[in-house]
Amino acid sequence: MTIVRPYGDTTGDGMVQLSFTLPIPYDKRAEGAALQLAAKMGMDPAMLVHSRQMGDGFTFFVVYGRVRHLVDTEQVQVVERDFPLLSAKEVNAAIKRGLRRRLSVVGACIGTDAHTVGIDAILNLKGIAGEKGLESYREMAVLNMGSQVSVPELVEAAREARADAVLVSQVVTQRDAHLHNTRALSAAFREALPAGRRPLLIAGGPRFDELMAGELGVDRIFGRGTTPREVASYLVHAVVEGTR
Amino acid sequence: MAGKLDLDPRVVRKARRLAARAGQPVVDLARSHTTVSVERAVLRLAGVRGADPDGIPWVNRLVDAVVADVGLEHGVSLPVFDALRDYGDITVLAQKAAAGAVRFRVPSSSHAARRTAVKFARVGLARVDRRRAERDRLIKRWGDPSQRPWIYLIVATGDIHEDIPQAQAAARAGADVIAVIRSTGQSLLDYVPEGATREGFAGTYATQENFRLMRAALDETSKELGRYVRLTNYASGLCMPEMAVMAGLERLDMMLNDSMYGILFRDINPIRTFVDQRFSRQVHARAGIIINTGEDNYLTTADPVEAAHTVTVSQLLNEFFAHEAGLADPQLGIGHAFEINPDVPESFRLELAHALLARELFPDAPLKWMPPTKHMTGDVFRGNLLDGFFNLAGAMTGQSILLVGMMTEAVVTPWLSDRDIALQNVRYVLGAAGNLHEDFVPARGGFIQRRAHQVLGEAIDLLDRIADDTLLNAIADGTFGIMRRPADRGKGLDGVAAHAGDYFNPVTELLEAS
Ligand code: B12
């Protein structure tokens, strides 16, 4: 069975909950408007269970209802891990064997983003979730440039460090800042270095769509809850084994 | 102090003594240096307005021109007011200077320039004084919030014209304080943008015109509500002193102003920050503005249990620096936060211990209580519960200013409905348990008391070490928020100069004389 429906309290009931705001004051018509939206979104029947006016011209709604849509789990598209998850020891051994030198990694938060906790979790010794960061890998040379680094600075540093991989973090997403900055990054590297000498480009942050790597011109995107080991294993896969 | 934690007053006095010993060298440093932003702030008070066609303010152009001719170490006031004789209008002088038409000198017999500078500075400070008196009058007319804590809400659309209706709606829904968060990146601009702005990222640019527009809108709403709604912005980043001046001129009521935030979280040079800090706090003191310190932030990069004492240390340092700059206790919105991982056993009791410790250490300060952020996740339902506990801890420990937590903290900058739900949460807790602090007395020798004593003890040990090793070294070593910031690095260092023997700053002179 690859076809499923949402589950409320009975298999196949298709029940979902939804909340939203409409820019109109509360009255009977507003309730009707909310139900109309729910219907257009495929909720049928829809139950308006809560509405509350906020300020002069806005109303907040909670709707429960049944959706007709079927989900086919076989047609889901995700970026699945297409490389083996290695231990630190295996990562170090693979680099030593494959590169015969240390793997050079340069990381930064670019643009005006000052959120370093995420990239630090990946790079710094301390790591996250019980896993140590890339700095703890004997066979990696890691330069963490910190936050609010400009793209030209990063390109320069990557060139100097002969980076095999450049890791950037983007946490602020308002007005698509993360997308603009990542595009600027990939464009700059394309311009500065010929294809063969360009480092692997990796972007990360909690609100990225991992499917957008190609569109943004980077090799890979890592999202929420990434651990250093996953990144290290990917680096082995892409740089050492040259599969990118 | 017959408090709820049985703190030994001698230990508390010792903590303050150590904070003063650790802080004094930094004050000495601040007193003997100036920065481009301090000098620009002086010129703003003296009345330089507007920007060139590229949006660079005339104060920047003027200071740059003076520095190019005679350097920064004398301060810009003597050269500028000496040159003013030939131009009459100070903004015209700035424009001419930018065009390269003025040669500045440090006048040798400087009496006339000095007198003119003091006269201009007096006029500027008189405007700040009038705004302060106006605030007092309006508070008398419209009244303060009827409850404590005051309810503090953030707006952050990036567009001042979108912010205004949101802020007004928030005030009508119960907010007592509105903070307009700044756009990312503004802290590192070495100038203040001009005019009304509509294009910030995750926040709205702080400009004098935006300040004015928002204050006017909130005045309208205050009148309508019969309650004075306060306005907050940020005196931080590379233009901290200028922000302080603008806030004084436009009657803002509170300003975020932490002694170390810029160093730790924006990598601004430590000396630049401390010099800017002292001047901005002197201006805030004069303007009757309540500062908010930023200890909550350390707990997002360091562990809130392990590093609890670093918050206490920073609070004591912030207090020392604030008093030294002339701020009174009712102006010290000392910050702290509910950031312990909810999976840690007894996390709520630990939070109560930390919150009560701050309350008892600073009994006359309007403490600013900050909500959970780091351990908020996409599970907004759980987030709303956590915010409820945060509100409850605030009520139980008598916090003064409560920054309303949003269940969508980990997802977006708050939506209209997020704010409404968050306010319902606050209202429920304050309505049901707002006076619980009257009954809440932790058991003698119990968990909460023991924890508070432990944190204070660790804070004293750390202060002891800092006092011996210097605060600048402690910051360099990553003592706060595990961020390492050496004193000879960071942004904005090239805009700092040690005072020459004839350094002169009319504003500092007037502020320190009063
Ligand atoms: C801590 C924090 C801060 C701290 C940052 C301290 C620091 N040195 O990093 C401080 C207080 C300084 C801060 C400031 C601001 N913040 Co903030 N902050 C947060 C907070 C609470 C937690 C973020 C965090 O540390 N998460 C923990 C880490 C471990 O998770 P992570 O970043 O997702 O990283 C993981 C993965 O995503 C991934 N990953 C991340 N990067 C990378 C990179 C690579 C290469 C890889 C492989 C993987 C990877 O791996 C990591 C480990 O699993 C969030 C809210 C929240 N709960 O999420 C808001 C939040 C991120 N902040 C926000 C905002 C708006 C700001 C400000 C702009 C506010 C303002 N206007 O002043 C300023 C930013 C100024 C600036 N110039 O950027 C918004 C962003 C909204 C948006 N989506 O655009 C949030 C979501 C809060 C909100 N709802 O408003 N903030």
Side-chain angles (χ1 to χ4, degrees), chain A residues 17-26 34 50-62 108-121 124-129 144-150 153 170-181 205-207 223-225, chain B residues 156-159 165-173 181-189 199-204 221 237 261-262 264-268 297 300-303 373-374 377-378 380-381 408 410-413 415-421 423-424 481-485 489-491:
Chain A
Q17 72 199 143
L18 173 69
S19 65
F20 56 89
T21 299
L22 291 178
I24 46 180
Y26 173 74
H50 174 71
S51 38
R52 177 184 151 82
Q53 180 163 329
M54 301 175 296
D56 290 337
F58 297 90
T59 307
F60 177 68
F61 302 96
V62 180
C109 295
I110 55 169
T112 58
D113 207 323
H115 292 90
T116 53
V117 179
I119 186 104
D120 288 349
N124 292 3
L125 214 53
K126 190 164 159 239
I128 191 168
N144 183 351
M145 298 178 67
S147 68
Q148 314 202 3
V149 174
S150 74
E153 281 173 275
Q170 286 287 278
V171 173
V172 174
T173 60
Q174 222 198 16
R175 295 181 192 228
D176 288 340
H178 61 314
L179 305 182
H180 296 305
N181 289 335
R207 296 279 161 274
R224 242 173 334 128
Chain B
T157 67
D159 176 347
Q166 289 212 14
Q168 291 180 311
R172 287 188 198 107
I181 302 207
R182 305 199 309 186
S183 173
T184 63
Q186 177 157 17
S187 350
L188 297 187
L189 294 180
E199 65 291 303
F201 286 100
T204 305
T221 311
Y261 180 89
L264 301 175
F265 297 100
R266 292 295 180 282
D267 198 9
I268 295 177
N297 299 292
T300 65
T301 51
D303 180 78
T373 62
K374 171 123 186 236
T377 66
V380 296
F381 304 103
T408 50
V411 188
V412 284
T413 47
W415 289 0
L416 190 73
S417 56
D418 298 335
R419 234 178 259 130
D420 188 68
I421 290 166
L423 278 171
Q424 290 183 58
I482 2 181
M483 306 303 266
R484 290 170 196 274
R485 302 300 191 199
R489 296 246 300 274
K491 294 158 178 126

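A note on names: the letters A, B, ... follow the listed sequences, proteins ahead of strands, and every chain is numbered from 1. Because only heavy atoms are used, hydrogens play no part in the values below, and waters and symmetry mates are left out as well, while side chains stay in.
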(message) Run the side chain to side chain contact (heavy atoms under 4.5 Å, CB included) test against B:Thr184 and tell me which residues pass, sequence neighbours left out.
(response)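 With sequence neighbours excluded, B:Thr184 shows a side chain to side chain contact (heavy atoms under 4.5 Å, CB included) to A:Thr112, A:Val172, B:Phe201, B:Ala202, given in chain and number order.
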
(request) Find the distance between CE (A:Met54) and CG (B:Leu423) and round it off to the nearest 0.5 Å. (result)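 Output value for this atom pair is 11.5 Å.
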
(message) Let me confirm one number: the CG-CD distance from B:Leu188 to A:Gln148, rounded to the nearest 0.5 Å.
(response) 4.0 Å

(request) Work out which heavy atom in B:Val411 is nearest to a heavy atom in A:Arg207; give both atom names and the distance. (result) O-NE, 3.6 Å

Measure [X] against the heavy atoms of chain B and call it side chain, backbone, both or neither at under 4.5 Å.
X        : answer
A:Arg175 : both
A:Thr116 : side chain
A:Arg52  : side chain
A:Asp56  : side chain

(request) For residues A:Phe60 and B:Ile421, determine if any side-chain heavy atom of one lies less than 4.5 Å from a side-chain heavy atom of the other. (result) yes

Heavy-atom distances under 4.5 Å only: say whether [X] touches chain A with side chain, backbone, both or neither.
X        : answer
B:Thr157 : backbone
B:Ser187 : neither
B:Ala170 : neither
B:Thr413 : side chain
B:Gln166 : neither

